[in-house]
Peer 1: 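My structure is below; once you've seen it, I'll send some questions.
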Amino acid sequence: MLDHVSLRVADYDRSKRFYEAALAPLGFVLGMENDSGAGFRKASIPAFWVKQGDAVQTPVPVELGSDCGGPAVHVAFAAVDRQSVDAFYHAAIGAGAQGNGAPGLRPQYHANYYGAFVLDPDGYNIEAVCHKQEP
């Protein structure tokens, strides 16, 4: 449905390093870097970009762990399995993210919705999600 998404970030180098670490467990690599920014890809074409600029000022969640609540910007990345969601969360936290919903089932969305949420260096709500039923 979408071809690519880009976020304006306050500190390009910091965000590029963050996303290189956080998205690696989901199979993303830095696929292109130019004057426009850094593009991360799983396939041949970068689908997620970070670009230097004024970050969108987003409100801080009233209560951390509120999953989709709080920041105005929310990007969810598909994960192939629940272990990848867990790995994303731990990699993102290790790269400086703030937790905004530990890995786990979210039955309020559907019975197999397994997601994890973090706030990136600009306060954007970034998620990894797997919709598959685990055996």
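Predicted model only: the values in this text are computed from it and were never measured.
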Peer 1: Measure the spacing between CZ of F77 and CZ of F40 and express it to the nearest 0.5 Å.
Peer 2: 9.0 Å
Peer 1: Between N112 and Q133, is there a side-chain heavy-atom distance shorter than 4.5 Å?
Peer 2: yes
Peer 1: Compare every heavy atom of D122 with every heavy atom of A10, then report the nearest pair and how far apart it is.
Peer 2: N-OD1, 3.1 Å
Peer 1: Looking only at atom types and distance, does a side-chain atom of R41 sit under 3.5 Å from a main-chain N or O of A43, one as donor and one as acceptor?
Peer 2: yes
Peer 1: Is there a chain of hydrophobic side chains (I, L, V, M, F, W, Y, each step under 4.5 Å between heavy atoms) that links V9 to V75?
Peer 2: yes
Peer 1: How many angstroms lie between CG in D86 and OH in Y114, if you round to the nearest 0.5 Å?
Peer 2: 3.5 Å
Peer 1: Ignoring hydrogens and geometry, is there a side-chain-to-backbone donor-acceptor pair from Q52 to Y12 under 3.5 Å?
Peer 2: yes
Peer 1: Considering all heavy atoms of both residues, which atom of A91 and which atom of A21 are nearest to each other, and what is their separation?
Peer 2: CB-O, 3.5 Å
Peer 1: Hey, any chance I126 and V50 share a hydrophobic cluster, counting ILVMFWY side chains that come within less than 4.5 Å of each other, even indirectly?
Peer 2: yes
Peer 1: What about the rings of H4 and F48, do their centers lie closer together than 6.0 Å?
Peer 2: no
Peer 1: Are Y89 and I93 packed together at the side-chain level, in the sense that at least one heavy-atom pair is separated by less than 4.5 angstrom?
Peer 2: yes
Peer 1: Evaluate the criterion ring-ring contact (aromatic ring centres under 6.0 Å, His included) for residue pair Y124 and H74; output intermediate values, then yes/no.
Peer 2: CA-CA 6 Å; Y124 299 138; H74 174 209; over 10 Å; no
Peer 1: More than 12 heavy atoms of other residues, nucleotides or ligands under 6.0 Å from CD1 of I45: yes or no?
Peer 2: no
Peer 1: Shortest non-hydrogen contact from P46 to M32?
Peer 2: CG-CB, 3.9 Å
Peer 1: Output the distance between atom CZ (R14) and atom OH (Y19), rounded to the nearest 0.5 Å.
Peer 2: 10.5 Å
Peer 1: In Å, rounded to the nearest 0.5 Å, how long is the span from CZ of F18 to CG of L23?
Peer 2: 7.5 Å
Peer 1: Looking at A116 and F88, what are the two nearest heavy atoms and their distance?
Peer 2: O-CE2, 3.9 Å
Peer 1: Under 6.0 Å from the CD atom of E134, do we count more than 12 heavy atoms belonging to anything else shown?
Peer 2: yes
Peer 1: For the CD atom of Q98 and the CG atom of N125, what is their distance to the nearest 0.5 Å?
Peer 2: 11.0 Å
Peer 1: Is there a continuous path of hydrophobic side-chain contacts, each under 4.5 Å between heavy atoms, that joins Y109 to L105?
Peer 2: no
Peer 1: Is R106 reaching over with its side chain to a backbone N or O of G115, donor-acceptor style, under 3.5 angstrom?
Peer 2: yes
Peer 1: Work out which heavy atom in S6 is nearest to a heavy atom in K51; give both atom names and the distance.
Peer 2: CB-CE, 3.9 Å
Peer 1: Which heavy atom in L26 sits nearest to a heavy atom in S84, and how many Å separate them?
Peer 2: CD2-O, 3.8 Å
